[in-house]
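All figures in this text were calculated on a predicted structure; none of them were measured in a lab.
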Amino acid sequence: MHSPELLKGTLQTIVLKVLKDHGRMYGYEITQRVKELSDERIMLTEGALYPALHKLEAEGMLKTETETIGKRVRKYYSLTPQGRNLVKERVSEFIDFIQTMGNVLQVSLR
Amino acid sequence: MKLSEDHISYIVKDLNYRGIVVEGIQEELIDHVCSSVEEEMEKGLRFIDAYHNVLKKFGHTSGLRETQKQTLHSHHTKPQDMLKNYFIVALRNLRKHSFYSLINILGLSVGVGVCLVIALFVFNELRYDKHHEHAQRIYRVKAEIIFGGNHWKMVFAPAPMAAALAEEIPEVEAAVHFRQRGSYLVKRETENIKEPNVIWAGKDFFKIFTVPVRQGNVEGILDQPNTMAISERAAKKFFPGESALGQTLTLDNKFTFKITGVYENMPAASHFHFDFILSTEGLDEAKQTFWLSNNFQTYLLLREGANAKEAETKLVQMTAKHIEPQLATVLGEGATMEKFTQGGNKMAYALQPLQDIHLKSDLQGEFEPGFSITYVYMFLAVALFILVIACINFMNLSTARSANRAKEVGVRKVMGSFRSHLVRQFLTESTLLSMLSFSIAIGITYLLLPLFNNLADRTLSIPFNNPAFYIILVAGAVLTGLLAGIYPSFFLSAFKPVNVLKGHVSLGMKSGFIRSSLVVFQFTISIILIIATIAVFSQLNYIQNKKIGFNKDQVIMVEDMYALGEQSQAYKNEILRNSMFVSGTFSGYLPVSDTWRSDNPWWAEGKDYQQQENLVSLQNWTVDQDYVKTLGMTIIDGRDFSPEFPSDSTAVILNETAARNFNFEGNPVGKKIVTFGGQDMSADKLETLTVIGVVENFHFESLKENIGAVMLFLSKRPQGNLSFRFQSQDTRAVINLLESKWKEIAPGQPFTYSFLDDRFGKMYTTETRLGKVFAIFAGFAIIIACLGLFALTAFTAEQRTKEIGIRKVLGASVGSIVLLLSKEFGKLIAIAFVLASPLAWYGISWWLRDYSYKIEIGVGLFLFAGLAAFAIAWLTMSFQSFRAASTNPVKSLRSE
C-alpha cells in the first residue's frame, strides 16, 4: 500500500479523473473504484476524501445531486464543465511531474 | 447485502451521539458508513462487528469528528466568506453599542474633515507657480541694501538691470522687469473703472512665464510703446461679446493703449495676477541708466543646464561694474564698492528661485502677500495632532470597553478562534468605522471649506473628479482604521479565555496606564492650542490698541484725487463746509502700508556729505498744512506747519527717530538739512529745508518693524489721497456726502474710499487669520478630546455602578461621588497642563521673535488656558458623573 503522504498532492487528480471516467458517483463508490483500480494499493481515507470533495464543490468544479433510498440519503458527485477542463490540466500536469521525478531520481520509467 | 431499517436507525443514532451533526456532511457519512458495513457483512460478519470494523477504519469518534471538521473547513476557507463574517459581526457590534460608535464616528469624522481641509490648503500652497513650463529655471533678483541708517530687503532692482542681464551674462536666456505704479483708472469710452492689477512689463514676459495667449500673436506682443496685453477677464469686462484684439483703452484719462493680445486668466496659485500688462517700451523710467535707484522687479530665465550659482556670481560682478562709476559721481571721486561696504553699507543682489517666492520670501515690494512655509508645517502638524486625538478616542474607548467584550473573546477562543482571527475581527471593526467616518468627513469638509476659504482668502474646492483624491482617501481610511485598531486588537485578543470566563480579568479600569497617557497626550495638545490661540489674539489686540502715535479712528481716505484734477481743492473746501467734518489733508503718504513711500538721503547743514556717516536716509513725505492735525499726531517740539508763516514752504518737521539720526548739536528746531536737488541727484543743485518742529514717533509700517526716520514737508500741489477727520457717528452719511459731491465735480470717475482704521487692520491680516485658524483648530481639538472624555466617564460610571450604589447606601453624598469620579481624569488634565506649558511657551516666544513690539508672556495666560481646559473637561465629565451619582442605589443594587 502506498503511503498517504505520497497521495496527498494527487488526491484531487485521482478524484477528478475517476469522476470523468465514470460520470456521477457517490463518496463510498469512489473509494471502492480507486481501491479496485489500484489493486488495493491506494486506499482513500474518508478523512481526506470528503474535505477534498467539498472543497472542489465549493470551487465549482463538482456539482451534486441527492437521491433518497429508504432512510438513506445518497449524494452523487459529477464534473461541471469547469471541472472537465481541470481534469485535463491536472492529468497532464501530473504526467509531467512523473517525468521530472524520473529525471531527478535518475530512474527510467516504463 | 442490504441493511435493515433498524440497523440504519442504529447507525444514525450512534453517529449523532458521536458528534456527527453538521448538515450536509451527516447524511453523506451515514451513507458511507452504511455502504462499508454492508460490504463487511458480505464477508459474513455480524452487523455489530461489521459496524465496529468500519468505525475502526474511520478512527473511531475522533477520526469521525476530524473528518467532519476538515470537511467543514474546506467550506469556509474562502476569503470572502471570512471577510463577510467579520463584516457582519463588526456591524452588529457597532449597532449594539451605538453610543460609543456614535462618539467614535463623530470624533473621527470631525478630525478627518478638519485634516482634509488643511491637506487641501497645504497642497494648494505647495502648488504655487508650478504651472510655468520653465518654473525650475526662472529666478527673481532680490536686493539687500543698507544705507544711511536704513536696511531694506526687497525685490526691487535698478531699471537697466534686466537688459544688462540678458546681454552680459551668458547663462541668462531672457530677462524681464516690471514696474508697479498702483492702480489705474481704465476706460473704453467714458466710464472709468478702477483697476488694481495693472503692471508695466518688458517684452520678454511671455517668453519667460507660461501665460497662454488666446488672441493675438505672442511674437512681438509687447514690442511697441503704448501696447498692452489683457487677461480674458479684463477683455470680457471691457469688450463683452466682441474681440478685444486691436481695440484701445485709455488709462488715467491720459494714456491710450492698443491691445495686442488677450491671455488666459492667471491661475489662482500664482504669485501675481495681472489683468493689464503694459509694455515698458513706452515708459521713460524703464530706459534710465541709473543703477542707484531700485524700482523694478526683475526676473530672469536661465538657459537649460546653466548653473544658478555661477549666474549669481556673475550678477554680483556685473552690478559692481555698473554701480561703481555712478557711486563715484554721487559720493565723490574714488568711491568704490569696497569703500562703500567698509562704511557699514551694503548693496547686495542675489537670485531667488521662482518657486520659493510664495512660501519662503517676505520682502518689500512683493506683488502679493505670500505665505510662510513654517505656517504650512505648523498647519500640517496641527492637522496630524487632531487626527491623532480622534484616533486616541477610538483606542481608549475600545480598550475600556474590553470588559464587555472580554467574554466574547473568551467564548470565541474556546470555540477555536486563533488570536489572528480576533485581531482581524477587531481590525475589520475599526476599519469599517474609519471608512464610515471618512465618508462623513467629506460632507464635513464640504461644509467647512467655504468658511476656511473666507478665512484664508483662497478658492479651495474638493477635487471630486480627481481619481487620486479617492485613492488617497481610501488609503487614508484604511491606514487610520489600522492605526486606531491595532492597539485594541492586540490588547483584546491577548486575553486568556480561562481567566476571562472565570471572571478573573481585571478589565477596563486597571489596564489604564496607556489609556491615561493617551488622555494626557490629547489634553496636552489641546492646551497648547488654547494657549497659542490666546497668545495670537492678545498680540493682535496689543498691536491694535498700542499707542501708535496717531489717531486711526474716524478718518476716511478718499483715493485717487488726481481724477479731480484742478478741482480737488474746491472739493475739499466744499466738504469741510459740512459740520460732520473736522479737517482734511492732501497726501499720498499715510501711516499705513500700501500708501506712498519715498526715500532719500539728507544731511545736516555744515556736515560733509561725502562722509557716509553724515548721510541720513529717511522717508520724504510731502503733506499739507493740515496733515498733523487731521491724523492726530503730536508735535513735541517746535510747531506745526501754519499758513501764518509763508516761509513754511522750505520748512520740515522731523519725527523723533529722524531728529536723533541727524545728530544735531542742541535743539533740532531751527537747524537746516540739505540734499541733492534736481532729477539726477547732482551735487551742483542742493536743496535746503529748515526744521520747524519734531513730531512724536508714529508707526507707519507694521509693528513688526521699528519706527523709521520720517520727514514731512509741504508740497506745492496737493496729490494722492484726501483724508478727512470726521466727528459724526453716521459713517453712511459721511460716505454719501463725499460721494455725491465727487459725482457732481467729476461724473464718470470712480469714487473710492477707505477708512484709516480698516487699512491699519489690514496690515495684520496674516495675524488675524492665523489667530482665527488657530482658534478653530483649538476648538476642534478640544471638542474631540472632550468627546472621548465624555465617553470614558460614561464608561467608568457604568463600570462602577455597584460601587456607587454601595457608597450611597453607606451615606456618601452626591458631591463626594462626583468628585470621586472626576478626580482621576482631573489629575490627568493637571499633568497635561504641566507638560503643555513649557512647550507652548517655547512656541509663542518663537513666533513673537519677529515682532519689535510684543506682549509679555505672563503666568496669567497659562493659568487662564489651563483653567479653561480644566473647566471644559470638568463640565464634560460632571454631566456623566452627576447622572451616575444621583441614581437611586436601589436600581443599581437590586439586580445580581
Open item on the list: Please enumerate all residues that pass salt bridge (charged side-chain N to carboxylate O under 4.0 Å, His left out) together with B/Arg424, with sequence neighbours excluded.
Closed with: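 For B/Arg424 there are no salt bridge (charged side-chain N to carboxylate O under 4.0 Å, His left out) partners, ignoring immediate neighbours.
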
TODO: Under 4.5 Å, heavy atom to heavy atom: which of residues 72-93 of chain A reach chain B? Give them by number, or say none.
DONE: A/Arg72, A/Val73, A/Arg74, A/Lys75, A/Tyr77

TODO: Below 4.5 Å from any heavy atom of chain A, which atoms of B/Glu28 appear? Answer side chain, backbone, both or neither.
DONE: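 Contact with chain A involves both backbone and side-chain atoms of B/Glu28.
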
Task: Interchain contact, B/Leu29 with chain A, by part (heavy-atom threshold 4.5 Å) - done: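 Answer is side chain: those atoms of B/Leu29 sit under 4.5 Å from chain A.
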
Open item on the list: With a 6.0 Å cut-off on the ring centroids, do A/Tyr26 and B/His32 count as close?
Closed with: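 No - the distance between ring centres of A/Tyr26 and B/His32 does not fall below the 6.0 Å cut-off.
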
Open item on the list: Does any backbone or side-chain atom of A/Glu29 lie under 4.5 Å from a heavy atom of chain B? Answer side chain, backbone, both or neither.
Closed with: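 When you check distances to chain B, no heavy atom of A/Glu29 falls under 4.5 Å.
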
Task: Residue A/Thr31 versus chain B: region with a heavy atom under 4.5 Å - done: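 The side chain, not the backbone.
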
Open item on the list: On a heavy-atom basis, which atom in B/Thr67 and which in A/Gly47 lie closest, and how many Å separate them?
Closed with: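 Heavy atoms only, the tightest pair is OG1-CA, 3.3 Å.
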
Open item on the list: Please report the interatomic distance NE2(A/His54) to CD1(B/Ile25), rounded to the nearest 0.5 Å.
Closed with: 5.5 Å

Task: Enclosure of B/Tyr470 OH (heavy-atom neighbours >12, cutoff 6.0 Å) - done: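 Yes - once you tally the heavy atoms of other residues, nucleotides and ligands closer than 6.0 Å, there are more than 12.
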
- [ ] Answer yes or no: does atom CZ of B/Phe99 have more than 12 heavy-atom neighbours from other residues, nucleotides or ligands under 6.0 Å?
- [x]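 Buried by this count: over 12 neighbours within 6.0 Å.
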
TODO: Against chain A, work out which of B/Ser9, B/Ser36, B/Gly59 has the most heavy-atom pairs shorter than 4.5 Å and name it.
DONE: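 When all of B/Ser9, B/Ser36, B/Gly59 are compared, B/Ser36 has the most.
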
